[in-house]
Amino acid sequence: MDLNASFHTLLESARVYLPQENFEPLIQAFEFSKKAHAEQNRAGGDPFVTHPLAVAQILAEFHLDLPTLTAALLHDVLEDTTVPKEELLAKFGPEVTHMVEGVTKIDSLPPPNPQTEGIPSQEIIKRAENWRKMLIATAQDIRVVILKLADRKHNMETLQFLSPEKQHKIAEETITLYAPLAQRMGIYQIKASLEDLSLKYLEPKAYGEFKKKIHMSETRQAERIKGYAEKIEALLKDQPFFHRISARSKSLYSLYKKIQRQQKPFEEIQDFLALRVLTDTVEHCYAVLGIIQSQYIPVPNSFTDYITMPKSNLYQSLHTTIQITPKEIVEVQIRTEEMHRIAEFGIAAHWRYKLGNHSASTAPVAKPQKDSFENKLDWFKQVLEWQKETDNPAIFLEELKTHLEFDEVFVFTPKGDVIKLLNGSTPIDFAYAIHSDLGNLCVGAKVNDKMVRLDTVLKSGDRCEIQTRKGQHPHKDWLDLVKTPRARSKIRKYFRETEK
Ligand code: MN
């Protein structure tokens, strides 16, 4: 493994999108990291510095800025070597040092809190503390989470060198926390590879069989999708606007989940390839949709307009499934180049935006992108808010998982204020989101002026009104009805206090 050649590749990748930068700090960081980690090897036998180099390379592919690349090269220095923080600070400044600190795991722990329910293992406490720490650092600088995800991606890619127990433990944490986090940040590319790699270690047999099957049907599928692409191209060829068509294969993990969910054999999964049409503006997305649907019959209820209603991770696209031949259907996704970039890179795309490295044609979606960036920071701040309310690390991790898994819904108060809740939330969640007392005294709820049961799942756009009665109190079974960490911790808090 030629370290200098790897570093050269990194420099070349960065120069492409950072033509104006002075790369001196990056060069210094490489030399520094090489020296600091000189005595260490990766589990596979490579010099340790290959790892920070690989992480920086992943980030360069996402076009992250120079301080992030520099921090990537140094990211394990505080954790794994004797270099003190002050030295980093003096040599590389506060911006880079702060990012490195954010991803550094803590090894010394505060003594366990005697008040917590049950006693979680040291392992759980450590894991929870490290997550807390990363979330705090991220709320100040969101690049920390992108760095952490790139770090995890490379560790998953080199997991074969660890013991089976470690593999299992790391893969389990990856699938339950890191992959959902990547999804929430909209970084599809990292999410998909984290999921596929976790599956490889958690379900090795299924993964192996699956890979073989996909490989076997790939050629046949490739032929088929090429035929479809030609048909769509023929429809669009006379249009004066820019467009390009590509085929997309679903990730192994998403197919695996689909087969589990639908209980179908692999052979019956028709849509593991989809077509994607990229164009320049939002108007042209709808134009493409119109042209395609005038020629091919859409499968009923298959149309989703994520342009008008973006997902909470900012994903935008038009989805339609069409009957392309009498026996075959195919999903077509239509989006602008800019939407495509966000779909692949999510929050990481923000840095390209900041650098002004985007073409003029992308203007229509520039605004939501910025808003969403602030939303992402909001999300971290919210998580930090409710984590203050629980001092049990095991509960903290559980809640974090829940928070990551679900999308958001927006529900209105009678006054017209918007309350953001997790998908699957009930009126009890809604009540606690407004005020603890409103939750504690809740006896009933109206949704859109109709009385509903307290286990009713709220949808975006619902208007909810809580009815209270003096002297009421929460019920223990509410813990099964609520989705939001906030409501859960308030209910627990009530019982903790009254049982004392
Ligand atoms: Mn690392």
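Indexing begins at 1, ligand by ligand and atom by atom, following the structure's order. Side-chain atoms are counted along with the backbone in the values below, which use heavy atoms only and exclude waters and symmetry mates.
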Margin query: Using 30° and 60° as the class boundaries, would you call the ring planes of His51 and His75 parallel, tilted or perpendicular?
Written below: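 Geometry flag for His75 against His51: perpendicular rings.
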Checklist line | Sequence-distant partners of Arg152, salt bridge (Lys or Arg N to Asp or Glu O under 4.0 Å), two or more places apart | finding: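 Salt bridge (Lys or Arg N to Asp or Glu O under 4.0 Å) check on Arg152 returns Glu173.
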Note to self: Side chains of Ile245 and Arg276, heavy atoms from C-beta outward: is any pair under 4.5 Å?
What the structure shows: no
Check: With the threshold set at 4.0 Å, does a side-chain nitrogen-carboxylate oxygen contact exist between Arg15 and Glu12?
Finding: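 Salt bridge between Arg15 and Glu12, a charged N being under 4.0 Å from a carboxylate O: yes.
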Next item on the list: Output all residues satisfying ring pair (Phe, Tyr, Trp, His ring centres under 6.0 Å) with Tyr201, sequence neighbours left out; order by chain, then residue number.
Entry: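 Not a single residue meets the ring pair (Phe, Tyr, Trp, His ring centres under 6.0 Å) criterion with Tyr201.
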Next item on the list: Using a cut-off of 2.8 Å, find all protein N, O or S atoms closer to the Mn ion (ligand 1) than that distance.
Entry: His51 NE2, His75 NE2, Asp76 OD2, Asp151 OD1
Item checked: Sequence neighbours excluded, every pair satisfying ring-ring contact (aromatic ring centres under 6.0 Å, His included) that has a member inside residues 20-44 -> Phe7-Phe30, Phe32-Phe92, His37-Phe48
